[in-house]
Asker: 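I'd like to ask you about the structure that follows.
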Amino acid sequence: MTHLVLIDAMNLIRRLYAAQERPYLPLPDQLTESTRQQLMKNTTHAVEKALRTIIEQCQPSHLLLVFDSQQATWRHQLYPDYKANRSPMPAILQQALPELQQHIQQLGIAIHKQEGYEADDIIASLALKMRQHQQAVTVVSTDKGYCPLLDSGVKLYDHFRREYLDETYVQQKFGVPSRRLIRYWSLVGDSTNHIPGVAGIGPKTALELLQLGDTFTEILQHPDCPKAMRIKLTDHKADIQCFLQLFQPRTDMELGLNLQQLRYPNQEPAHA
């Protein structure tokens, strides 16, 4: 049976790099060249070890590491403040990334990135296309933004917690099923992505509203929707529509990839 494992590359690599960098803080940019090389050598080893652990756990027949675009994405064009509070990639890692990517390919693992798009767009497009053909898909990431994919039968694996995330996890953490997460976040916002949500609507109010319907139209038309909330939702309609787009991964991307390129181990990995 085909089992495609999609790894959110920078979600994995930046956390592993941070663990290796910690002993050198607070001045990693003032390190000697030999120490910088040792830092990246340690990081490369940590990445390789993590990948082998993920492969052992998930048992993929096909495997792809997906990297984010290093340029501004369509989300930044839609909402310039998107991720404005995120710290940039450390310069040492940025400079060493091409060599690290080459090393990953030498392990027989395909990699892919597409300028103007984040990893979640590529991963969601591939995952849902595979699910349409009833193929098994696992996404490896700690990013909660992949949780809506659970509703389509995609599995989520957190390598650092060594556990799969399921509907029970989503319900306990957010109070809503995966199919309602994007609407929930569009109301309450998300500080990690610098998206404010709707002023005056917190988690409790958002959960109450989402109990009234699966769409904002249904919520507005529901007799139990308070008048004040109808006014607030209507007044912030444009903001909500914008936030919905920001939280919704693209699922229609044409990537120019085929399953043969993603087979693991792959002697000629895909790279874009």
Asker: Could you tell me whether the side chain of Thr44 and the main chain of Met40 form a donor-acceptor pair under 3.5 Å?
Answerer: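 Yes: the side chain of Thr44 pairs with the backbone of Met40.
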Asker: side-chain hydrogen bond (donor to acceptor under 3.5 Å, both in side chains) between Thr53 and His159: does it pass, once the steps are laid out?
Answerer: CA-CA 8 Å; Thr53 301; His159 164 70; 5.5 Å; no
Asker: Is it possible for you to check whether Arg250 lies under 6.0 Å from the centre of the six-membered ring of Tyr117, through NZ or CZ, and within 45° of that ring's axis?
Answerer: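 Not flagged: Arg250 not positioned over aromatic ring of Tyr117.
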Asker: Could you check whether Asp68 pairs with Lys113 (Lys NZ or Arg NE/NH1/NH2 to Asp/Glu carboxylate O, under 4.0 Å)?
Answerer: no
Asker: Search all heavy atoms of Asp143 against all heavy atoms of Asn11 and return the closest pair with its distance.
Answerer: N-ND2, 3.7 Å
Asker: Please test Glu48 against Arg52 for salt bridge (Lys or Arg N to Asp or Glu O under 4.0 Å), starting from the C-alpha separation and ending with a verdict.
Answerer: CA-CA 6 Å; Glu48 181 174 343; Arg52 296 195 184 283; 3.0 Å; yes
Asker: So which heavy atom on Leu207 is nearest to which on Gly175, and how close?
Answerer: CD2-O, 3.6 Å
Asker: Hey, are the side chains of Leu39 and Leu31 touching, using non-hydrogen atoms and a 4.5 Å cut-off?
Answerer: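 A side-chain contact exists here, since the closest heavy-atom pair is under 4.5 Å.
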Asker: Please determine whether side chain to side chain contact (heavy atoms under 4.5 Å, CB included) holds for the pair Ile7 and Val66, giving the CA-CA distance in whole Å, both sets of side-chain angles, and the decisive distance to 0.1 Å.
Answerer: CA-CA 6 Å; Ile7 301 177; Val66 184; over 6 Å; no
Asker: Check for a donor-acceptor pair, side chain of Glu99 on one end and backbone N or O of Ala96 on the other, with a separation under 3.5 Å.
Answerer: no
Asker: Find the distance between CG (Leu107) and CG (Leu65) and round it off to the nearest 0.5 Å.
Answerer: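 Result: 10.0 Å between the selected atoms.
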Asker: Rounded to the nearest 0.5 Å, what separates atom CD in Gln114 from atom OG1 in Thr73?
Answerer: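 Result: 12.5 Å between the selected atoms.
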Asker: Using a distance-only test with no angle check, is there a side-chain donor-acceptor pair under 3.5 angstrom linking Thr142 and Asp158?
Answerer: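 Result is no, nothing qualifies.
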Asker: Give the minimum heavy-atom separation between His3 and Ser61, together with the two atoms involved.
Answerer: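 Closest approach of His3 to Ser61: N-OG, 2.7 Å.
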Asker: Run Ile13 and Leu100 through side chain to side chain contact (heavy atoms under 4.5 Å, CB included) and show every step you take.
Answerer: CA-CA 10 Å; Ile13 291 170; Leu100 178 57; 3.9 Å; yes
Asker: Could you report the tightest heavy-atom contact between Ser87 and Arg14, atom names first, then the distance?
Answerer: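 Smallest heavy-atom distance, with atoms named: O-NH2, 3.5 Å.
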Asker: Considering all heavy atoms of both residues, which atom of Gly213 and which atom of Glu218 are nearest to each other, and what is their separation?
Answerer: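 Of all heavy-atom pairs spanning Gly213 and Glu218, the closest is CA-OE1, 3.4 Å.
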Asker: Which residue, Tyr146, Tyr79, Trp185, forms the ring-ring contact (aromatic ring centres under 6.0 Å, His included) with Phe247?
Answerer: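 With Phe247 as partner, ring-ring contact (aromatic ring centres under 6.0 Å, His included) holds for just one option, Trp185.
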Asker: Can you confirm whether the side chains of Thr2 and His62 place a donor and an acceptor under 3.5 Å from each other?
Answerer: no
Asker: Report the distance from atom CG of Asp166 to atom CD of Gln171, rounding to the nearest 0.5 Å.
Answerer: 11.0 Å
Asker: Between Leu97 and Met89, is there a side-chain heavy-atom distance shorter than 4.5 Å?
Answerer: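 Sidechains of Leu97 and Met89: in contact.
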Asker: Below 4.5 Å, heavy atoms only, C-beta onward: do Asp224 and Leu212 meet side chain to side chain?
Answerer: yes
Asker: Centre-to-centre under 6.0 Å for His76 and Tyr82, is that the case here?
Answerer: yes
Asker: Taking the side chain as everything from C-beta on, heavy atoms only, tell me whether Asp121 gets closer than 4.5 Å to Trp74.
Answerer: yes
Asker: Could you check whether any side-chain N or O of Arg179 sits under 3.5 Å from a backbone N or O of Asp151, counting only pairs where one atom can act as donor and the other as acceptor?
Answerer: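 Not at all, since once roles are kept as given, no pair shorter than 3.5 Å links the two residues.
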Asker: Quick one, Asp120 with Arg75, criterion salt bridge (Lys or Arg N to Asp or Glu O under 4.0 Å). Give me CA distance, side-chain angles, the key distance, then yes/no.
Answerer: CA-CA 12 Å; Asp120 65 339; Arg75 287 184 176 88; 3.3 Å; yes
Asker: With a sphere of 6.0 Å drawn around NE2 of His222, does it hold more than 12 non-hydrogen atoms of other residues, nucleotides or ligands?
Answerer: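 Yes.
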Asker: Any chance NZ of Lys83 has more than 12 other-residue heavy atoms, nucleotides or ligands included, within less than 6.0 Å?
Answerer: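 Result for NZ/Lys83: enclosed.
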Asker: For residues Arg86 and Asn193, is any side-chain donor paired with an opposing acceptor at under 3.5 Å?
Answerer: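 A pair is found: one side chain offers a donor N or O, the other an acceptor, under 3.5 Å apart.
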Asker: Just verifying a value: how many Å separate Ile123 CD1 and Leu128 CG, rounded to the nearest 0.5 Å?
Answerer: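 CG of Leu128 is found 11.5 Å from CD1 of Ile123.
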Asker: Between Lys232 (side chain) and Ala199 (backbone), is there a donor-acceptor pair under 3.5 Å?
Answerer: yes
Asker: Are the side chains of Phe216 and Leu187 in touch, meaning some heavy atoms are under 4.5 Å apart?
Answerer: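 Phe216 reaches Leu187 side chain to side chain.
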Asker: Evaluate side chain to side chain contact (heavy atoms under 4.5 Å, CB included) for Leu63 paired with Arg263, printing each intermediate quantity in order.
Answerer: CA-CA 6 Å; Leu63 179 62; Arg263 186 174 294 280; over 6 Å; no
Asker: Within a reach of under 6.0 Å around CD of Gln38, are more than 12 heavy atoms found that belong to other residues, nucleotides or ligands?
Answerer: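 Counting neighbours around CD of Gln38, more than 12 heavy atoms of other residues, nucleotides or ligands fall under 6.0 Å, so yes.
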Asker: Taking atom CD as the centre, does Glu115 end up with more than 12 heavy-atom neighbours from other residues, nucleotides or ligands that are less than 6.0 angstrom away?
Answerer: yes
Asker: Restricting to non-hydrogen atoms, name the atom on Tyr264 and the atom on Gly108 that form the minimum distance, rounded to 0.1 Å.
Answerer: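 Smallest interatomic distance, heavy atoms only, reads CD1-O, 3.4 Å.
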Asker: How long is the span from the NE2 atom in His103 to the CD1 atom in Ile111, to the nearest 0.5 Å?
Answerer: 12.0 Å
Asker: Determine whether a donor-acceptor pair (N or O, by modelled atom type, separation under 3.5 Å) exists between the side chain of Ser125 and the backbone of Met253.
Answerer: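 Between the backbone of Met253 and the side chain of Ser125 there is a qualifying donor-acceptor contact (under 3.5 Å).
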Asker: Check whether any side-chain heavy atom of Leu156 lies under 4.5 Å from a side-chain heavy atom of Thr138, and answer yes or no.
Answerer: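 Not in contact.
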Asker: Working to the nearest 0.5 Å, report the span between NZ of Lys173 and CG of Leu181.
Answerer: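 Result: 11.0 Å between the selected atoms.
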Asker: Apply the test salt bridge (Lys or Arg N to Asp or Glu O under 4.0 Å) to residues Glu21 and Arg36: give CA-CA distance (whole Å), side-chain angles for both, the deciding distance (0.1 Å), then the verdict.
Answerer: CA-CA 10 Å; Glu21 179 192 48; Arg36 286 173 176 241; over 6 Å; no
Asker: Looking at Leu210, is its backbone amide N or carbonyl O close enough to the side chain of Arg183 to form a donor-acceptor pair, meaning the two atoms are under 3.5 Å apart?
Answerer: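 Pair absent, no side-chain N/O of Arg183 close to backbone of Leu210.
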Asker: Do Glu167 and Ser178 have a side chain donor and acceptor closer than 3.5 Å?
Answerer: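 Yes, because at least one side-chain N or O of Glu167 sits under 3.5 Å from a partner of the opposite role on Ser178.
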Asker: Evaluate Leu165 against Val170 for side chain to side chain contact (heavy atoms under 4.5 Å, CB included), listing each step before the verdict.
Answerer: CA-CA 8 Å; Leu165 309 182; Val170 172; over 6 Å; no
Asker: Taking atom types as modelled, is there a side-chain donor on Ser34 or Thr32 under 3.5 Å from an acceptor on the other?
Answerer: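 There is such a pair between these side chains.
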Asker: Side chains of Asp190 and Lys144: does their closest heavy-atom pair fall under 4.5 Å?
Answerer: yes
Asker: Any heavy-atom pair between the side chains of Val188 and Thr205 that's under 4.5 Å?
Answerer: no
Asker: Under the 3.5 angstrom rule, does the side chain of Arg131 hit a backbone N or O of Ser152 as a donor-acceptor pair?
Answerer: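 Yes; judged by distance alone, with no hydrogens or angles, the pair exists.
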